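Source: prediction; values computed, not measured.
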Protein chains: 2
Amino acid sequence: MPVTIYDVAREAAVSMATVSRVVNGNPNVKPTTRKKVLAAIERLGYRPNAVARGLASKKTTTVGVIIPDISSAFFAELARGIDDIASMYKYNIILCDSDQKLDKEILLINTLLEKQVDGIVYMGREITDEHLQVFNTATVPIVLAGTKERSEELPSVNIDQNQAGYDATTRLIQGGHKKIAMVTGPFQDPLAGIERFEGYRNALRDNGIDFRQDYVISGKLTYAAGLEAANLFMSLEEPPTAIFAASDETAVGVIHGIQDMGKRVPEDIEVVGFDNIRLAEMVRPRLTTVVQPMYDIGAVAMRLLTKYMNNEQVDHHIVVLPHRIEERQSTTQLSEE
Amino acid sequence: MPVTIYDVAREAAVSMATVSRVVNGNPNVKPTTRKKVLAAIERLGYRPNAVARGLASKKTTTVGVIIPDISSAFFAELARGIDDIASMYKYNIILCDSDQKLDKEILLINTLLEKQVDGIVYMGREITDEHLQVFNTATVPIVLAGTKERSEELPSVNIDQNQAGYDATTRLIQGGHKKIAMVTGPFQDPLAGIERFEGYRNALRDNGIDFRQDYVISGKLTYAAGLEAANLFMSLEEPPTAIFAASDETAVGVIHGIQDMGKRVPEDIEVVGFDNIRLAEMVRPRLTTVVQPMYDIGAVAMRLLTKYMNNEQVDHHIVVLPHRIEERQSTTQLSEE
DNA sequence: TTGAAAGCGCTAACAC
DNA sequence: GTGTTAGCGCTTTCAA
């Protein structure tokens with residue numbers, strides 16, 4: 001039923017090979033022939049079959065993307081960066097939500113590999129041995145974006161989470177605070193759960209501030225968790241005067257929790273968030289936060305993948321992008337500068 | 001290099017056809033044979049090539065999804081619904097950001113068709129004749145999600161945008177307001193720009209309230225636009241006492257704009273938003289808004305598409321999902337009930 | 001500059 | 001139950 005390359009060949013009175021050359025922009029075609037073929041394509045409404053092409057050429061110009069949750073502001077922004085660069089390099093993306101479930105992740109990787117994607121961008125919590133095992137069966141490159149991998153064998157793009165946690169905490173210490181609490185991710189989460197938390201603890205230690213267990217709450221980094229954390233902290237005998245939340249959504253929850261109790265941010269309590277999703281500007285006071293270049297993490301990861309797919313030289317397979325702190329109104333301005 | 005079905009056949013001492021049967025769960029295989037084949041597959045680490053299968057079977061178990069912007073909370077939620085149902089039916093998704101650009105949309109549709117997707121879910125502003133033309137060249141089903149199409153020929157899933165705008169406005173009128181302003185989308189946008197606005201105007205008319213041009217601002221529905229709109233409205237000689245914003249993000253901007261001027265929501269001015277993205281609960285006061293079942297729109301669209309792909313009977317190709325108003329604190333409670 | 005022909009890895013009759 | 005075989009629509013040598 002549909003028009004094939006053979007139909008075009010017949011219509012243009014040339015061979016399939018010539019049609020193929022024209023379609024693929026091969027310069028070794030006489031202009032008149034090219035014109036003839038193009039006309040036939042137009043006349044017949046020919047649309048090349050990419051599946052057949054993929055089988056013959058062993059390239060699909062499609063990459064797989066595994067993402068924990070596309071409806072999260074953070075990952076959606078990463079995805080946007082990935083997609084933009086992919087589109088720039090003429091790749092399409094097979095997007096797979098993994099829900100952070102290990103078995104679903106493994107299944108998805110296998111499915112993507114079966115579909116003969118030319119490469120994979122993986123986003124997730126952590127790379128386990130099981131992941132590594134499946135990745136090893138792949139003959140195509142894989143790049144991690146915003147994902148922890150201890151062995152540092154796989155190419156990856158990230159920020160220095162530990163340092164970022166350290167910096168956020170230090171910022172609060174510079175503001176004169178000694179009673180600094182933190183809302184961190186689940187301790188199973190190597191990035192938002194552990195690394196940022198360790199940065200926090202190191203900053204306290206380096207500034208001679210005792211670590212207090214009751215100043216730390218670990219759990220899902222939701223808005224509700226921030227609300228609740230604020231309540232808990234404020235009901236302490238000696239409530240903190242500053243709170244560092246490991247996600248913006250949680251930080252906004254913290255701010256609202258504080259405000260709901262009649263306290264003020266930053267006058268009574270200062271708050272610092274993490275990520276710099278757009279929400280950070282949609283709260284009063286606007287949120288001071290650690291800027292993670294989300295779009296860039298995605299974009300750079302995809303760019304890196306294109307290099308691998310084209311067998312280009314790659315200098316550093318581990319890319320650490322810079323982070324910084326965006327000063328807004330949930331902290332008071334530092335006086336000394 | 002990679003293991004093919006032929007290698008497995010040889011290893012298991014059966015024919016390719018038998019291997020194919022085992023892989024595809026065809027029951028016409030003796031259990032002992034099946035075991036033998038499975039063992040060979042395991043031993044060789046065979047992974048079926050979905051591209052070859054697609055070429056032979058003319059099915060790719062992949063659907064294309066065109067989306068204006070995956071980093072928008074609204075569309076990300078739709079995408080999530082689409083992906084969940086797709087995954088449930090064992091389909092993968094090729095996700096394409098269109099940026100609402102007509103030529104990119106057309107290009108993407110063609111690319112998806114070349115890649116032999118089994119169907120397409122399209123999200124966008126409006127279906128033009130040019131869209132229709134390309135869609136007509138497709139031999140696979142296409143379903144629109146949250147997208148306006150006048151002819152009502154194409155299957156689609158949406159809410160009644162006009163009625164929703166009407167309801168939101170009516171809610172404000174019931175609150176005793178006569179001076180009701182609206183921030184609406186660009187007038188080129190048939191959904192957020194025109195339909196909701198017409199609902200607003202009809203509600204005013206039906207309640208004997210004169211329409212005032214200076215109570216309407218049309219433009220991009222961003223947070224900043226809301227901020228700005230609030231400023232404009234408040235600087236009017238006779239400022240409105242209620243504002244209906246055609247998106248939650250804009251509504252939150254309106255709220256903050258009002259608060260920044262020292263006025264209070266809802267005491268001085270009431271605000272109603274649209275969509276019910278998660279942001280609506282992350283603002284003080286929490287936002288009263290028109291609930292669009294975003295996830296469901298995506299999920300139902302995908303479900304509908306599976307029916308078409310399986311040649312199942314479809315009763316209504318135009319699905320209109322219910323909307324409702326979620327009462328929160330940016331409006332005062334209605335007294336009469 | 002062009003054409004012929006051999007696959008790419010699999011499915012789906014059809015025959016046994 | 002199982003095997004044989006002819007494609008699916010294209011790319012890619014290799015010759016001409």
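Ion pairing between Arg10(B) and Asp7(B) holds under the 4.0 Å rule for side-chain N and carboxylate O. A salt bridge does not link Asp118(A) with Lys58(A): every distance from a Lys NZ or Arg NE/NH1/NH2 to an Asp or Glu carboxylate oxygen is 4.0 Å or more. Residues Asp315(A) and Lys307(A) are not paired through a salt bridge, judged by the lack of any N-O separation under 4.0 Å between the basic side chain and the carboxylate.
Lys115(B) pairs with exactly one of Thr60(A), Asn92(A), Asn49(A) by the side chain to side chain donor-acceptor pair (under 3.5 Å) rule, that one being Asn92(A).
Comparing Ser57(B) and Thr32(B) against DNA chain D, the residue whose closest nucleotide sits nearer the 5' end is Thr32(B). When the nearest nucleotides of DNA chain D are assigned to Pro31(B) and Ala52(B) by heavy-atom distance, the more 5′-ward of the two goes with Pro31(B).
Distances shown here put a side-chain N or O of Asn24(A) below 4.0 Å from the OP1 or OP2 atom of dT11(D). In terms of phosphate contacts, Ser20(A) brings a side-chain nitrogen or oxygen within less than 4.0 Å of OP1 or OP2 of dT11(D). The side chain of Ser15(A) contributes no N or O atom lying less than 4.0 Å from OP1 or OP2 of dT2(C).
Across the helix from dT1(C)-dA16(D) to dC16(C)-dG1(D), the helix axis at one end is tilted relative to the axis at the other end by 30° (nearest 10 degrees, each axis from five pairs).
Taking only side-chain atoms of Ala17(B), from C-beta outward, the nucleotide of dG3(D), dT12(D), dG9(C) with the closest atom is dG3(D). Of the candidates dT11(C), dG9(D), dG3(C), the closest approach to any side-chain atom of Lys58(B) belongs to dG9(D). Among the nucleotides dG9(D), dG9(C), dT1(C), the one closest to the side chain of Asn49(A) is dG9(D). Of all nucleotides listed (dT2(D), dT11(C), dC10(D)), dC10(D) comes nearest to the side chain of Ala56(A). Closest contact between the side chain of Thr33(B) and the listed nucleotides dG9(C), dT2(D), dT2(C) involves dT2(D).
Asn28(B) comes within contact range of at least one nucleobase, with a heavy-atom separation under 4.0 Å. Contact annotation for Thr18(A): backbone-only contact, meaning every heavy-atom pair under 4.0 Å involves sugar-phosphate atoms and none involves a base. Contacts of Val14(A) with the nucleic acid, taken as non-hydrogen atoms under 4.0 Å apart, involve only primed sugar atoms and P, OP1 or OP2.
Rounded to whole angstrom, the span from the NZ atom of Lys59(A) across to the C1' atom of dC8(C) amounts to 14 Å. Atom NZ in Lys115(A) sits about 15 Å away from atom P in dC10(C), given to the nearest Å. Between Asp7(B) atom CG and dC8(C) atom C1' the separation is 13 Å, expressed in whole Å. Look at CD1 on Ile5(B): it is 8 Å from C1' on dT11(C), rounded to the nearest Å. As rounded to whole Å, 12 Å separates atom C1' of dC8(D) from atom CE of Met16(A). Summarising the geometry, the separation between OH on Tyr6(B) and P on dG7(C) is reported as 13 Å, rounded to the nearest angstrom. The separation between Leu55(B) atom CG and dG9(C) atom P is 12 Å, rounded to whole Å. One atom, CD of Gln116(A), and another, C1' of dC8(C), lie 11 Å apart when rounded to the nearest Å.
Although no hydrogens or angles enter the test, the distance criterion places a donor-acceptor pair under 3.5 Å between the side chain of Thr147(A) and the main chain of Ala145(A). Checked by atom type and distance alone, the side chain of Asp189(A) pairs as donor or acceptor with a backbone atom of Leu191(A) at under 3.5 Å.
The base of dG3(C) is paired with the side chain of Arg21(A) by a donor and an acceptor separated by under 3.5 Å.
No side-chain donor-acceptor contact under 3.5 Å links Glu11(A) and Tyr46(A).
In summary, the aromatic rings of Tyr308(A) and His317(A) are positioned with their centroids too far apart to meet the 6.0 Å limit.
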